[in-house]
There are 2 protein chains.
Amino acid sequence: MMKGPASAGPENPGVDGGDSRTINPELWYACAGPLVTLPSVGSLVVYFPQGHSEQVAASMKKDIDAHIPNYPNLPSKLICLLHGVTLHADAETDEVYAQMTLQPINTCDEKALLAYDLALKTNKPQTEFFCKTLTASDTSTHGGFSVPRRAAEKIFPPLDFSMQTPVQELQARDLHDSVWTFRHIYRGKPRRHLLTTGWSIFVSGKKLLAGDSVLFIRDEKQQLLLGIRRANRQPINMSSSVLSSDSMHIGILAAAAHAAANSSLFTVFYNPRASPSEFVVPLAKYNKAVYGNQVSLGMRFRMSFETEELGTRRYMGTITGISDLDPGRWKNSNWRNLQVGWDESAPGERRNRVSIWEIEPILTPFFICPQPFFRTKRSRQPGMPGASA
Amino acid sequence: MMKGPASAGPENPGVDGGDSRTINPELWYACAGPLVTLPSVGSLVVYFPQGHSEQVAASMKKDIDAHIPNYPNLPSKLICLLHGVTLHADAETDEVYAQMTLQPINTCDEKALLAYDLALKTNKPQTEFFCKTLTASDTSTHGGFSVPRRAAEKIFPPLDFSMQTPVQELQARDLHDSVWTFRHIYRGKPRRHLLTTGWSIFVSGKKLLAGDSVLFIRDEKQQLLLGIRRANRQPINMSSSVLSSDSMHIGILAAAAHAAANSSLFTVFYNPRASPSEFVVPLAKYNKAVYGNQVSLGMRFRMSFETEELGTRRYMGTITGISDLDPGRWKNSNWRNLQVGWDESAPGERRNRVSIWEIEPILTPFFICPQPFFRTKRSRQPGMPGASA
DNA sequence: TTGTCTCCCGAAGGGAGACAA
DNA sequence: TTGTCTCCCTTCGGGAGACAA
């Protein structure tokens, strides 16, 4: 058994510590999942304090307490200029998250805002990759990783098949720029691709379990990148010995309120896998959804969900109600104000409340708002931003 | 090798998850260290937002950013009623911390407050314990833990010395109420006490390194308790993928300000080992120190520090300056407003700024304020709480 | 095509006394 | 009294093909 020059464990060229250096965006997006996009720097976005609060609550496994003070000056949504986005990965868990710097802007010029319809360029890189959910054998202490044939052929450098048992050494970088080395061998009867030496160190290093997934990417420079996605979406983390959850929630609201009052910058962390809370939405996407669609009770729609193996699938549903999620605190918010039912029973947790920009309404010719009394009660003037903005 | 019924690892009877159940106070205090006391529930305390902020900054390894808004309505100290104290330990690291529920009280009746001089009952339990700093051999993969003779005799149940090699099984509970089982044997030539089977599982489970300490307590019910204290006081934790450090600081200040404005409850976490920031001080202790002593430049004092092995030692120093730590944000605060020099060079990090209630002034008959011009500039009226309260 | 088993053999590590600081 | 070493022997677990789903 030949050990690499740096013996066991990953080799980390960058001075990491946290993860404050540049993270490979391809890998970040691959780990984040097919549905995650981030708004472009310099674009306008809508920030929902309510959604932000929800994400923190999900991360803390704790409901928002009732005794958080109201911030009457903080609207349920803030139009912001997105000053910066940096990609990160948790040093412990590799969980991906993004830091965004936002600046609330004056919303007096509503016309200009409505006209804001920048092309939603998806700057998600498209690259060759494969993703495999780990089997019990893959994570067992006996033996290595069984590489799916097509995956090995598509992603890994070709082996020298003139050898009796073709072998090579693979190097792949993870989100922290740590290099992991694997022995890639083609052996057995019948022949198959395996990763042997180096694999178990990776599994234990990342604390992977059967059911978790690994993904390999080959980037444009023919370098291998390596990411993980954990199966159990249990809110991994902390009951935080540092800050009470009250203080956290207050911190979010007060920081946003302060920034709104002064048009100053504030910073949020967006954690795409912690909870389905895309609380920073491109203004163009928001406008298109809110002013482009007539939503009504009974309306049918499609919505994309992530599958295993990094694909997407669309499920059909029906709008069963339109109401504020938290009428006390966040009145007239568009945040998840649609109650929905689903045609199929849920693969994982299907949500029973969504926001309008998450769905694709199906406007059949025979089903354009036939029941006027189903319309939302507060008749919304088309062409006006929501009441509380 | 006889495995316990529950095979490897600790047995955890309580449904832990976090640590929300009752933590053994003796063990908590032992792990917290000899200098840590917590104010009594129902007593009055002084809360320093500045100190709280400092602790969070230390936990985040991040300085307080300049662009945190000022909270002009938030004084540098709040007199609070302490409604509740619960003891906790971090599920990951066993780091001890306390959650305190505070209620700011109206400070109009200053006379009553000054009169407040409840006896500072130290409710720290005093129990039999021993603490040993782990050697390289203790933490090596080969062999177990060498128990100091006196420690074994004082704390462990007596062995049956009629046996040729006396052996017994020990069970000890940690802060999470997990039970760890060890084989305690008296063998070797010359004879010594050792913990063998079970020890390495404990070391790896708690991620102990040479230099860390373990402590065993025998409580009044003759049960063994087991705690750890880590050597490297590196701020262990998180660059937090949940909340920006700005939001955290704002959260602290806004939560305190909101509670102060409404005389409502708020919650803080006090982490005695994260940083020397005792930011919740019994009012009696505060009053005694602030109004009982005349502090002057050049004044000599003693101050207690923790030694290894859970003892205390007092070091001598001299007051070299009296000034606000952060004159911009927290004017006229008593929080660490004394600059000090030390007679001996520091064992670990000796602090160069302390608060008056942390020191014991030495009032020599020949050294009672001989230099009037050394007095603090804003002549403090004795009998008046600090200007900003 | 690939997940699991079992077998083989080398590495890791627990548990003992020796020895010395 | 106790920290480190070394030796012994068990256990663990990487790495191979067998075999079956």
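Quick note on labels: first sequence line is chain A, next is B, and so on, each numbered from 1. Here the structure is a predicted model, which means the values were calculated and not measured.
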Exercise for review: Determine which pairs satisfy salt bridge (charged side-chain N to carboxylate O under 4.0 Å, His left out) with at least one residue from residues 184-204 of chain B, sequence neighbours left out, and list them in order.
Suggested key: none
Revision key, fill the gap. With sequence neighbours left out, the residues meeting salt bridge (charged side-chain N to carboxylate O under 4.0 Å, His left out) with A:Asp160 are none
Exercise for review: Apply salt bridge (charged side-chain N to carboxylate O under 4.0 Å, His left out) to A:Lys132 and list each qualifying residue two or more places apart in sequence or on a separate chain.
Suggested key: A:Asp138
Review point. Over how many whole Å does the gap from A:Phe182 atom CZ to D:dG15 atom C1' extend?
Key: 16 Å
Practice item. Would you please test B:Phe202 and B:Trp180 for ring-ring contact (aromatic ring centres under 6.0 Å, His included) and show each step? Key: CA-CA 7 Å; B:Phe202 176 70; B:Trp180 299 84; 5.1 Å; yes
Exercise for review: Could you tell me which residues satisfy salt bridge (charged side-chain N to carboxylate O under 4.0 Å, His left out) with A:Arg314, sequence neighbours excluded, listed by chain and number?
Suggested key: A:Glu360
Exercise for review: May I ask you to verify if any side-chain N or O of B:Ser146 is less than 4.0 angstrom from the OP1 or OP2 atom of D:dG3?
Suggested key: yes
Study note, to complete from the structure: Here the residues of residues 204-214 of chain A within 4.0 Å heavy-atom distance, strictly under, of DNA chain D are none
Practice item. Can you tell me the distance, in whole Å, between the CZ atom of B:Phe145 and the P atom of C:dG15? Key: 15 Å
Review point. Got a sec, which residues hit side chain to side chain donor-acceptor pair (under 3.5 Å) with B:Ser213, two or more places apart in sequence or on another chain?
Key: B:Thr133
Point to revise | Spacing of A:Arg150 atom CZ relative to C:dT1 atom C1', expressed in whole Å | key: 10 Å
Practice item. Grab the CG-C1' distance between A:Leu195 and D:dG15 for me, whole Å please. Key: 13 Å
Check your understanding: Using 30° and 60° as the class limits, which term best fits the ring planes of B:Tyr97 and B:His88: parallel, tilted or perpendicular?
Key -> parallel
Practice item. Starting at atom OH of B:Tyr186, determine the distance to atom P of D:dT2, rounded to an integer number of angstrom. Key: 10 Å
Review point. Just by distance, do the side chain of B:Arg173 and the backbone of B:Leu225 share a donor-acceptor pair under 3.5 Å?
Key: no
Check your understanding: Between atom CG in A:Leu134 and atom P in C:dT2, what is the gap in whole Å?
Key -> 14 Å
Practice item. Output all residues satisfying salt bridge (charged side-chain N to carboxylate O under 4.0 Å, His left out) with B:Glu92, sequence neighbours left out; order by chain, then residue number. Key: none
Practice item. Report the residues that fulfil side chain to side chain donor-acceptor pair (under 3.5 Å) with B:Thr139, sequence neighbours left out, ordered by chain and then residue number. Key: none
Review point. Between B:Ser137 and D:dT4, is there a side-chain N or O to OP1/OP2 distance below 4.0 Å?
Key: yes
Could you write out each protein N or O paired with an N or O of nucleotides 16-21 of chain C at a distance under 3.5 Å?
from: C:dA16; atom 1: OP1; to: B:Arg183; atom 2: NH2; distance (Å): 2.7
from: C:dA16; atom 1: OP2; to: B:Arg183; atom 2: NH2; distance (Å): 3.0
from: C:dA16; atom 1: OP2; to: B:Arg187; atom 2: NE; distance (Å): 3.0
from: C:dA16; atom 1: OP2; to: B:Arg187; atom 2: NH2; distance (Å): 3.3
from: C:dA16; atom 1: O5'; to: B:Arg187; atom 2: NE; distance (Å): 3.1
from: C:dG17; atom 1: OP2; to: B:Arg187; atom 2: NH1; distance (Å): 3.3
from: C:dG17; atom 1: OP2; to: B:Gly188; atom 2: N; distance (Å): 3.1
from: C:dC19; atom 1: N4; to: B:Arg192; atom 2: NH2; distance (Å): 3.4

Check your understanding: Can you check the B:Phe202 CZ to C:dG13 C1' distance for me, whole Å?
Key -> 19 Å
Practice item. Indicate whether OP1 or OP2 belonging to C:dG14 is found under 4.0 Å from a side-chain N or O atom of B:Ser200. Key: yes
Point to revise | Touch class at under 4.0 angstrom, heavy-atom based, for A:Ser140 against every strand present | key: nothing
Check your understanding: Is A:Thr135 touching bases, backbone alone, or none of the nucleic acid, heavy atoms closer than 4.0 Å?
Key -> sugar-phosphate
Review point. Applying salt bridge (charged side-chain N to carboxylate O under 4.0 Å, His left out), which residue pairs with at least one partner in residues 202-219 of chain A are found, sequence neighbours left out?
Key: A:Asp94-A:Lys206, A:Asp174-A:Lys206
Review point. Angle, rounded to 10°, between the helical axes spanning five pairs at each terminus of the helix from C:dT1-D:dA21 to C:dA21-D:dT1?
Key: 30°
Under 3.5 Å donor-acceptor pairs involving side-chain atoms of residues 143-153 of chain B, not counting sequence neighbours:
from: B:Arg149; atom 1: NH1; to: B:Glu153; atom 2: OE2; distance (Å): 2.5

